[in-house]
J.: 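Below are the structure tokens for one structure; questions will follow.
Just so it is clear, the values below take in all heavy atoms, side chains as well, and ignore hydrogens, waters and symmetry mates. One is the number of the first residue; the rest follow in order along the sequence. As the structure lists them, so they are numbered: ligands from 1, and atoms in each ligand from 1.
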Amino acid sequence: MLTQQYQDNIDTLLKKIQEAEAIVVGGAAGMSEAIGHSFYHTDENFLKHFGKFADKYGIKNLFEGFYYRFSTREERWAFLATEIKFLHDAEAGRPYLDLLQLLQGKNYFIVTTNQDAQFSKTFPDDKISPIQGDMRYFQCGSRCHDQVYFNKEQVENMYENIDGTRIPTELIPLCPKCGQEMEPWVRSYVFLEGSSYRNELRKYNEFLIKNKDKKILFLELGVGTMTPMFIKEPFWNMTYKWPDAYYITINPKDALLPRELKDKGLAIHENIAVVLQDALNKKEKRDVDG
Ligand SMILES: [Zn+2]
């Protein structure tokens, strides 16, 4: 980790952040993994909160649980209530706080496909756009009307009334307008792309338009290869087209720099949490040393 190449990468990252007149951060699943509780792996934390679902259904992670075909709605909602309560309760992870420090005083905006609200817990609303929804909100499963509902209290109540791996039927969340079942407001085949969704896109686009001719840094954190169309490909395209843009991707697995961007970008194949922490330590040391 302490190779010269690694140190050079940290220096470039700090220099590009410092020089940038605008920074667009794209955060995806790799950021969630970096905080140690992941959607995609069975770990101690998963078993602590979801052990009974792991035992009974063989569910190995949050991702599997979300798509698991429970045989009853009461069991599905018991799992969802447990998951959503866990996301409400989780504190902002260290990589998010480190990123906040690194961006301090800069003109920046964050776009994220994550639905776990970690960015929302760390950054002000006007500086972030969750474009794939947010588990902390419900929508009508039939999309009968354009509204999303903050679900903390309802989820707490569902969670407290879980019996084994079921919630009571009367606690299944229903749409106040049409009576159909609610759904978490996240990307799915019923995802509500209504006013809340459009508002998130609007904030992001306004930032891009306002800053496109400036010295702009695209900083991609943990975007995988499964859904490149939301963050990765737009970042590549904008970096390629805009005169003073630069692209940095940090990802232990999927950091990829297209040949067309070899003079306008950098791929750092390292653990995101470690890179952010090392960068912040170096920055703070420099600030102290003057
Ligand atoms: Zn409805």
J.: If the Zn ion (ligand 1) is the vertex, what is the angle to SG of Cys144 and SG of Cys175, rounded to 10 degrees?
T.: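 Vertex the Zn ion (ligand 1), arms to SG of Cys144 and SG of Cys175: 110°.
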J.: Check the angle between the aromatic planes of Trp242 and Phe218 and answer parallel, tilted or perpendicular using the 30° and 60° thresholds.
T.: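 If you compare the ring of Trp242 with that of Phe218, the planes turn out tilted.
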J.: If you have a sec, read the angle at the Zn ion (ligand 1) from Cys178 atom SG over to Cys140 atom SG, to 10 degrees.
T.: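 Cys178 SG and Cys140 SG form an angle of 110° at the Zn ion (ligand 1).
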J.: Could you check, using the six-membered ring where one of them is a Trp, whether Phe53 and Phe79 have ring centers closer than 6.0 angstrom?
T.: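 Centroid distance Phe53-Phe79: below 6.0 Å, so yes.
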J.: Less than 6.0 angstrom separating the ring centers of Phe50 and Phe86, yes or no?
T.: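 Yes, close enough.
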J.: Parallel, tilted or perpendicular for Tyr247 and Phe235, by the 30°/60° rule?
T.: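 Perpendicular, since the angle between the ring planes exceeds 60°.
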J.: Between the Zn ion (ligand 1) and His145, is there an N, O or S atom separated by less than 2.8 Å?
T.: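 Checking His145: none of its N, O or S atoms is under 2.8 Å.
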